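Working notes, beginning with the structure itself.
This structure is a prediction, so every number in the text was calculated from the model and none was measured. Chain A is the first sequence line, chain B the second, and so forth, proteins listed ahead of strands; every chain is numbered from 1.
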Number of protein chains: 2
Amino acid sequence: MSDEDPLEHAELTFLLGMAFQLTLTEFVRRVEAEGYGDLRPVHGFAFQVLRHGGATSTELAARLGVTKQAAGQIVAYLEERGYVRRVEHAGGGRRRLVVLTDRAHEHLAVAGRTMHGLERQIGEELGEEGLASLRGQLAELVRGLSGPELPPLRPVW
Amino acid sequence: MSDEDPLEHAELTFLLGMAFQLTLTEFVRRVEAEGYGDLRPVHGFAFQVLRHGGATSTELAARLGVTKQAAGQIVAYLEERGYVRRVEHAGGGRRRLVVLTDRAHEHLAVAGRTMHGLERQIGEELGEEGLASLRGQLAELVRGLSGPELPPLRPVW
DNA sequence: CAACCTGAGTAAAGTTGCTTGACTCGTCTG
DNA sequence: CAGACGAGTCAAGCAACTTTACTCAGGTTG
């Protein structure tokens with residue numbers, strides 16, 4: 001351990017923050033380069049929630065950890081740009097089911113490939129076992145700090 | 001690896017995000033419980049920048065990765081609450097040196113103890129070697145994705 | 001079966017934490 | 001001494017939310 005390396009002495013929380021910020025920023029940069037400059041990370045999370053069968057905007061709100069008004073705004077933004085449609089909901093009432101369009105599914109495919117490529121690149125650097133053990137320890141840390149239910153991933157400060 | 005565990009199959013970026021959010025949230029919760037509900041994470045980072053000899057607000061801005069106007073607002077907020085003082089700057093000009101008060105140094109001591117306790121608790125869960133290897137891999141990941149200079153830690157989305 | 005309650009969705013205004021643009025004021029330089 | 005430079009400030013704008021206050025569709029109950 002070199003005394004000059006600030007990373008070795010950094011707080012764990014700081015290391016986690018740096019690692020998350022760098023990977024997410026790199027991911028966003030690559031996805032933007034593919035022509036999706038109109039999507040922010042929260043839209044990717046919304047796509048993950050909606051990808052299998054859709055959801056109402058109130059359900060989306062709960063999963064994203066925001067108010068239903070905020071979710072409504074996100075849906076309106078995505079609808080304007082052709083990423084989602086609002087269709088009738090089998091449950092009736094005022095409910096509307098928000099579903100992904102083909103364009104959103106294309107984005108999911110691109111984002112998936114990008115994420116995969118980034119992870120493979122990190123794997124080359126850490127080695128296969130290094131990456132696997134990193135994933136395992138992160139998972140254990142998350143399990144220890146959260147309850148049985150995973151909390152929604154929110155902006156961090 | 002259980003097939004039911006969503007964490008084992010999660011993207012690395014997602015794992016990092018969850019781990020960071022959970023540790024930071026827990027840290028903030030504990031520090032707030034010590035009576036520092038008026039401080040956000042960015043103030044802690046500002047304290048780290050200012051802790052040894054202070055800085056001008058323009059220097060602070062560069063270190064936090066925000067505009068000098070934003071840094072000025074942060075300094076004004078901290079000054080109102082008695083965490084920093086603006087003193088004369090040896091360099092002259094319009095420069096003012098922002099320095100921490102005793103109250104801020106007390107907070108740094110509390111935050112340091114809290115951070116240490118949280119890391120020790122995580123260490124119990126992962127084991128000594130687990131924690132050390134997690135730290136090592138995170139440091140390597142950060143080194144790989146950033147240049148020689150570490151970027152400022154910013155809100156993540 | 002009418003009155004009520006609930007839950008989804010919307011509308012409007014307020015809040016926060018920044019940014020951009022446009023300055024003022026000391027000092028240094030040619 | 002004119003002008004440039006850099007620190008700091010003032011004001012307005014903006015994004016992504018929140019809070020408050022509704023409307024509307026449908027089940028529930030006395």
Worksheet item: OP1, OP2 of D:dA7 versus side-chain N and O of B:Arg86: anything below 4.0 Å?
Response: no
Worksheet entry | Distance in angstrom units between A:Glu59 CD and C:dA8 P, rounded | 8 Å
Worksheet item: Taking only N and O in the side chain of A:Arg96, is any of them less than 4.0 Å away from OP1 or OP2 of C:dG7?
Response: no
Discussion item. Which residue in the set A:Leu39, A:Val75, A:Leu50, A:Asp102 passes side-chain contact (heavy atoms from CB on, under 4.5 Å) when paired with A:Tyr83?
Written reply: A:Leu39
Discussion item. Under 4.0 Å, heavy atoms only, any strand: does B:Gly72 hit a base, just the sugar-phosphate, or nothing?
Written reply: nothing
Discussion item. Once you apply a heavy-atom cut-off of 4.0 Å, does B:Gly93 come out as touching a base, just sugar-phosphate, or nothing?
Written reply: sugar-phosphate
Item to complete: Ignoring hydrogens and angles, state whether a donor on the side chain of A:Gln137 or B:Ser133 is under 3.5 Å from an acceptor on the partner side chain.
Response: yes
Worksheet entry | Main-chain N/O of B:Gly82 paired with B:Arg103 side-chain donor or acceptor, under 3.5 Å | no
Discussion item. Between B:Thr56 and D:dA7, is there a contact of a side-chain N or O with OP1 or OP2 at under 4.0 Å?
Written reply: no
Worksheet item: Just how far, in rounded Å, is P of C:dT10 from CZ of A:Arg95?
Response: 14 Å
Worksheet item: So does A:Gln69 reach the base of D:dT20 with its side chain, donor to acceptor, closer than 3.5 Å?
Response: yes
Fill in: Salt bridge flag under 4.0 Å for residues A:Glu26 and A:Arg29
yes
Fill in: Nearest-angstrom distance from the residue atom NZ of A:Lys68 to C1' of C:dT10
9 Å
Fill in: Any A:Arg40 side-chain N or O less than 4.0 Å from OP1/OP2 of D:dA16
yes
Worksheet item: Given that A:Gly92 and A:Ile74 both sit by DNA chain D, which one's nearest nucleotide is further toward the 5' end?
Response: A:Ile74
Worksheet item: Quick one: B:Tyr77 OH to D:dT9 C1', roughly how many Å, whole number?
Response: 21 Å
Worksheet item: B:Tyr77 and B:His43: aromatic ring centres closer than 6.0 Å?
Response: yes
Response to the item:
Separation of D:dT9 atom P from B:Arg94 atom CZ, nearest Å, is 7 Å
Practice prompt. Specify the separation, in whole Å, of atom CD of B:Glu88 and atom C1' of C:dG26.
Written response: 13 Å
Worksheet item: Over how many whole Å does the gap from A:His89 atom NE2 to C:dG7 atom P extend?
Response: 15 Å
Discussion item. How many whole angstroms separate atom CG of B:Leu64 from atom P of C:dG17?
Written reply: 14 Å
